[in-house]
Amino acid sequence: MEEFHIIEDELGRKFKTLRLSVTPICNFACEYCVGGLETHTGKTKQYNTKLDTFKKYVYEIHRILNLHKVRLTGGEPLLYHEISQLIRILKEEIGIPHVSLTTNGSRLEKVASALKQSGLDSLNLSLDAIDSAVFYKMSKRNRLDEVIKGLQLSLEAGIQLKLNCTVMRGFNESQILPLLEFSGSRKIPIRYLEFMQMGAYYQNYKSFLVSQDEILSVISHKYKIRELGRKKSSTSYEYETEEGYLFGIIANESSPFCKDCDRLRLDSKGVLYGCLSSNHGFPLEGIENLREVLPSVLQKAIFQKQKERFIGSPITMISVGG
Ligand code: SAM
Ligand code: SF4
């Protein structure tokens with residue numbers, strides 16, 4: 001990696017984390033993501049972007065930005081046919097210091113040890129309920145048992161794990177405490193996400209939003225909480241209970257974190273986005289002199305970032321990458 005460029009905006013923000021969406025397909029139909037609609041299923045093959053294509057894009061981006069981290073996401077990234085090979089390429093051939101992955105956990109049981117062997121550094125497991133009826137209500141799938149087995153096998157494989165729970169009013173706010181106790185007793189940190197104004201709920205998300213204060217209030221009724229703060233460029237405000245249960249809140253609405261955001265997104269069709277709010281990406285496919293053009297594309301992408309707060313997007317996270 002011989003050629004780093006200064007790509008930054010007027011707030012001094014730089015891209016240091018790449019979220020790479022490896023596929024837009026998914027085997028769940030989560031309420032907050034696709035409104036429970038089965039609009040996202042499709043023939044897997046059609047979406048199988050080649051490993052070499054991802055390799056080329058990430059290599060060229062890293063050459064310019066000196067990335068600290070790549071997070072693999074989707075859609076469901078464990079449906080990508082060569083996910084372990086991709087992780088190995090990112091770590092060994094491109095030299096990305098930290099490679100992580102966000103998954104719904106449905107295929108973890110089968111691939112946990114392969115993921116560890118390929119060099120995966122950490123994993124975020126989306127778990128919105130520990131009660132099977134609520135799990136179904138959120139994901140439209142009866143697959144909680146498989147997800148819990150996958151979690152267990154990931155821990156046994158030595159994968160560093162965090163849980164993510166997106167909270168929606170009328171759906172899973174009953175799960176805030178049970179999930180804290182489930183994760184805390186296993187020494188796994190959990191983060192609660194405020195529902196974001198995206199996709200299916202773009203027009204009417206407010207009535208489903210459970211705020212940071214409400215989440216804290218539910219937890220502090222039972223537990224004494226200590227604030228640990230927010231690390232630079234992190235999305236999460238961290239807390240600890242007296243028992244040592246670690247939890248965070250990603251409060252996109254209540255406590256926006258745009259001012260030091262370092263995230264860049266690349267979707268599975270090779271479209272770059274500098275901000276989740278932006279509906280207009282920069283397609284890389286078909287650019288012949290990518291190496292020459294990419295610095296100016298990245299400079300344009302960084303100007304897409306919001307100055308203060310996320311303003312919503314009609315695009316769903318399943319396509320742009322969560
Ligand atoms: N399929 C994988 C999964 O579910 O973990 C990875 C992709 S999914 C789009 C990643 C994350 O996006 C989900 O865990 C969820 O937290 C988040 N997400 C999707 N839509 C959201 C919304 N409207 N508000 C908040 N978070 C959302
Ligand atoms: Fe699929 Fe993840 Fe979206 Fe749920 S949140 S529908 S698991 S992409």
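Numbering of residues begins at 1 and proceeds along the displayed sequence. Order of appearance sets the numbers: ligands from 1, and atoms from 1 within every ligand.
- From the protein, the heavy atom lying nearest to atom 14 (O) of ligand 1 is Ser126 OG, 2.6 Å.
- Protein heavy atom nearest atom 12 (O) of ligand 1, with residue, atom name and distance: Met317 SD, 3.4 Å.
- Which parts of ligand 1 touch Gly74 is read off a 4.0 Å heavy-atom cut-off, strictly below it: atoms 7 (C), 9 (C).
- Each of the atoms 1 (Fe), 6 (S), 7 (S), 8 (S) of ligand 2 lies under 4.0 Å from some heavy atom of Cys26.
- Atom OG1 in Thr73 sits 12.0 Å away from atom CG in Leu266 (nearest 0.5 Å).
- Contact annotation for Cys30 and ligand 2: heavy atoms of both the backbone and the side chain come within less than 4.0 Å of the ligand.
- Listed by atom number, the atoms of ligand 2 under 4.0 Å from Ile318 heavy atoms are 8 (S).
- Considering backbone and side-chain N/O of Gly75, one or more are found under 3.5 Å from N/O of ligand 1.
- At a 3.5 angstrom cut-off on N or O pairs, Glu76 counts as close to ligand 1.
- With salt bridges taken as basic N to acidic carboxylate O contacts below 4.0 Å, one links Glu93 and Lys55.
- The nearest protein atom to atom 10 (C) of ligand 1, hydrogens excluded, is given as Gly322 CA, 3.8 Å; this is a heavy-atom distance.
- Looking at Thr102 against ligand 1, both its backbone and its side chain come within 4.0 Å, counting heavy atoms.
- At a 4.0 Å heavy-atom cut-off, ligand 1 touches Thr103 through the backbone alone.
- Comment: Asp121 engages Lys91 in a salt bridge, judged by a side-chain N to carboxylate O separation of less than 4.0 angstrom.
- For atom 3 (Fe) of ligand 2, the choice among Cys33, Ser126, Gly199, Ser21 with the nearest heavy atom turns out to be Cys33.
- Under 4.0 Å is where a charged nitrogen must lie from a carboxylate oxygen, and between Asp128 and Lys137 no such pair does.
- Near Asn104, with a cut-off below 4.0 Å to any heavy atom, the atoms of ligand 2 are 7 (S).
- Here Lys231 does not pair with Glu238 in a salt bridge; the nearest charged N to carboxylate O distance is not below 4.0 Å.
- With Phe182 as the aromatic partner, Arg186 meets the cation-pi criteria of under 6.0 angstrom to the ring centre and within 45 degrees of the ring axis.
- Among the atoms of Glu194, none of the N or O lies under 3.5 angstrom from an N or O of ligand 1.
- Atoms of ligand 2 lying under 4.0 Å from at least one heavy atom of Phe28, given by number and element, are 6 (S), 7 (S).
- Distances between N or O atoms of Thr166 and those of ligand 1 include at least one value under 3.5 Å.
- Taking the six-membered ring for Trp and the full ring otherwise, the centers of Tyr32 and Phe195 sit at least 6.0 Å from each other.
- Contact check on Lys149 versus Glu146 returns no salt bridge, with no Lys/Arg side-chain nitrogen under 4.0 Å from an Asp/Glu carboxylate oxygen.
- Using a 4.0 Å cut-off between charged nitrogen and carboxylate oxygen, Arg107 and Glu76 do not count as a salt-bridge pair.
- In this structure, Phe247 and Tyr239 have parallel ring planes: the angle between them is below the 30° cut-off, well short of the 60° mark.
- Remark: ligand 1 and Met196 share an N or O pair separated by less than 3.5 Å (distance only, no angle test).
- The protein heavy atom nearest to atom 21 (C) of ligand 1 is Tyr32 CD1, 3.6 Å.
- Looking at Lys307 and Glu10, a side-chain N of the basic residue comes within less than 4.0 Å of a carboxylate O on the acidic one, giving a salt bridge.
- Every atom of ligand 2 with a heavy atom of Tyr32 under 4.0 Å away is listed here by number and element: 5 (S).
- Atoms of ligand 1 found under 4.0 Å from any heavy atom of Leu193, numbered from 1 in the order shown, are 16 (O), 26 (N).
- Ion pair Glu60/Arg291 flagged as a salt bridge, since at least one NZ, NE, NH1 or NH2 atom sits closer than 4.0 Å to an Asp/Glu carboxylate oxygen.
- The closest approach between Thr73 and ligand 1 falls below 4.0 Å for a heavy atom of the residue.
- For an aromatic pair to be called close, the ring centres must be under 6.0 Å apart, and Phe54 with Tyr80 satisfies this.
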